[in-house]
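Have a look at the structure below, then the notes.
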Amino acid sequence: MKIATWNVNSLKVRLPHVLDWLAAGNADVLALQETKLTDEAFPVAAIQEAGFHCLYSGQKTYNGVAIIARSEPADPLTDIAGLDDPQRRILAATVNGVRVINLYVVNGSEVGSEKYGYKLGWLEKVTAFIAEEMQRHEKLVVVGDFNIAPEDRDVHDPEAWHERILCSTPEREALKKIQALGLSDCFRLFDQPEQSFSWWDYRAAGFRRNLGLRIDLILSSPALTQQCTRCTIDVEPRRLERPSDHAPVVAEFAL
DNA sequence: ATGGTTGTTAAACAA
């Protein structure tokens, strides 16, 4: 079973990339972030014609998350206790007995900004939610655009990014609290090439120069970590015309 | 050097 995450930065623009990528057999479950579509505008028919089910929680212009799956997802959830938030950043569902929590974590803009405060508060609420979900579901993954590079080796230039947004100590500590619930970063379960990233700024030829960050993650509960056989970043879609600024990340489980 | 690019939406705002 292949579980993937991809920040598509507008599903309207990226739908052809997503459909081609799914047709190539890259994922059984694909979590999307930054769909930037209202639920009314979600391309349900195209996804069903491709042989997949979908769930979505969207809004106009910003944010928006979705789960696309070969099997029908069950028990969807879009809002969590203690977080009365119009921003559509959370979508959980159960697929083939695996609880999938799809997150589009707040970017945070700049360290110390109002949005940065919102990010840290949001992460606290979401951490409590994940802890609850883990009590209910032995097989669970938390996937998405975390907007946090876990370690300096996930950053092309750690000095330039030192204590900046996506890399600051409070953000990394918040991610560590999520991992401390017993969730493993699937990518780091295996030997990986150095300078492996999942996001590259559109500006300054960031992708061509591999000036990236690894901020898109798949975290697995102990029962699934045992079954994880592979985790890779697929940079190929990033090479296409009009790409997302993120690449998809895929984890394979022996299920 | 606070640059540069893309998406949404109509001059910014967000990333």
Side-chain angles (χ1 to χ4, degrees), chain A residues 5-21 30-43 46 56-66 83 85-91 102-123 126 143-150 154-168 170-172 174-175 197-217 233-249:
Chain A
T5 180
W6 193 359
N7 179 323
V8 290
N9 184 24
S10 169
L11 185 57
K12 183 181 175 185
V13 174
R14 234 64 68 189
L15 183 62
H17 290 188
V18 171
L19 293 175
D20 287 350
W21 195 78
L30 172 59
L32 301 178
Q33 303 86 37
E34 282 205 273
T35 56
K36 299 186 178 180
L37 291 174
T38 60
D39 292 347
E40 293 72 27
F42 198 86
Y56 36 88
S57 178
Q59 66 183 86
K60 195 177 163 69
T61 311
Y62 302 116
N63 309 310
V65 284
L83 188 69
D85 191 352
Q87 299 195 21
R88 300 293 84 194
R89 299 178 173 277
I90 301 171
L91 179 60
N102 178 17
L103 301 180
Y104 174 46
V105 174
V106 179
N107 174 286
S109 187
E110 281 182 50
V111 173
S113 68
E114 188 179 333
K115 287 175 183 171
Y116 183 74
Y118 166 55
K119 180 178 195 172
L120 295 178
W122 189 94
L123 283 164
V126 168
V143 310
D145 176 358
F146 281 71
N147 269 319
I148 302 170
D154 302 309
V155 180
H156 70 90
D157 186 345
E159 276 187 41
W161 283 86
H162 181 69
E163 294 300 338
R164 285 183 51 197
I165 196 67
L166 315 183
C167 298
S168 74
E171 291 167 88
R172 286 178 170 173
L175 176 58
F197 308 123
S198 65
W199 169 83
W200 303 261
D201 201 308
Y202 283 124
R203 298 166 292 187
F207 181 66
R208 182 177 59 72
R209 300 156 70 196
N210 198 29
L211 307 181
L213 303 181
R214 190 175 70 92
I215 56 178
D216 299 274
L217 309 177
I233 300 169
D234 184 0
V235 299
E236 292 309 315
R238 189 64 173 77
R239 302 187 202 281
L240 301 173
E241 292 269 321
R242 276 192 106 183
S244 168
D245 46 351
H246 294 250
V249 182

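We name chains A, B, ... by the order of the sequence lines, and we start the count at 1 in each one.
In this entry the distance linking CG of A/Asp201 with P of B/dA14 reads 17 Å, nearest Å. The nearest whole Å value for the distance from the CD atom in A/Gln59 to the P atom in B/dA14 is 12 Å.
As rounded to the nearest Å, B/dT9 and B/dA15 have C1' atoms that lie 16 Å from one another. Rounded to a whole angstrom, the distance from the P atom of B/dA12 to that of B/dG3 is 15 Å. Here the separation of B/dG4 from B/dA14, taken at their C1' atoms, is 15 Å to the nearest Å.
Ring geometry, A/His246 versus A/Trp199: the interplanar angle falls from 30° to 60°, so the pair is classed tilted.
Checked by atom type, the side-chain pair A/Trp21/A/Asp234 shows a donor-acceptor distance below 3.5 Å.
With sequence neighbours left out, the side chain to side chain donor-acceptor pair (under 3.5 Å) criterion links A/Trp122 to no other residue. Partners of A/Thr5 under the side chain to side chain donor-acceptor pair (under 3.5 Å) rule, at least two apart in sequence or in another chain, are A/Gln33.
Comparing A/Arg203 and A/Asn147 against DNA chain B, the residue whose closest nucleotide sits nearer the 5' end is A/Arg203. Across the interface with DNA chain B, nearest-nucleotide mapping of A/Ala205 and A/Ser109 shows A/Ala205 to be the residue nearer the 5′ end.
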Anything under 3.5 Å between a protein N or O and an N or O of nucleotides 6-11 of chain B, put it in a table, one pair a line.
residue: B/dG7; atom: OP1; partner: A/Arg14; partner atom: NH1; Å: 3.0
residue: B/dG7; atom: OP1; partner: A/Arg14; partner atom: NH2; Å: 3.4
residue: B/dG7; atom: OP2; partner: A/Arg242; partner atom: NE; Å: 3.4
residue: B/dG7; atom: OP2; partner: A/Arg242; partner atom: NH2; Å: 3.1
residue: B/dG7; atom: O3'; partner: A/Ser10; partner atom: OG; Å: 3.3
residue: B/dT8; atom: OP1; partner: A/Ser10; partner atom: OG; Å: 2.3
residue: B/dT8; atom: O3'; partner: A/Thr61; partner atom: OG1; Å: 3.4
residue: B/dT9; atom: OP1; partner: A/Thr61; partner atom: OG1; Å: 2.8

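Between A/Phe146 and A/Ile215, the closest side-chain pair of non-hydrogen atoms is not below 4.5 Å. Using a 4.5 Å heavy-atom cutoff, the side chains of A/Trp161 and A/Asp154 are not in contact.
Using a 4.0 Å heavy-atom cutoff across all strands shown, A/Phe207 reaches no nucleic acid atom at all.
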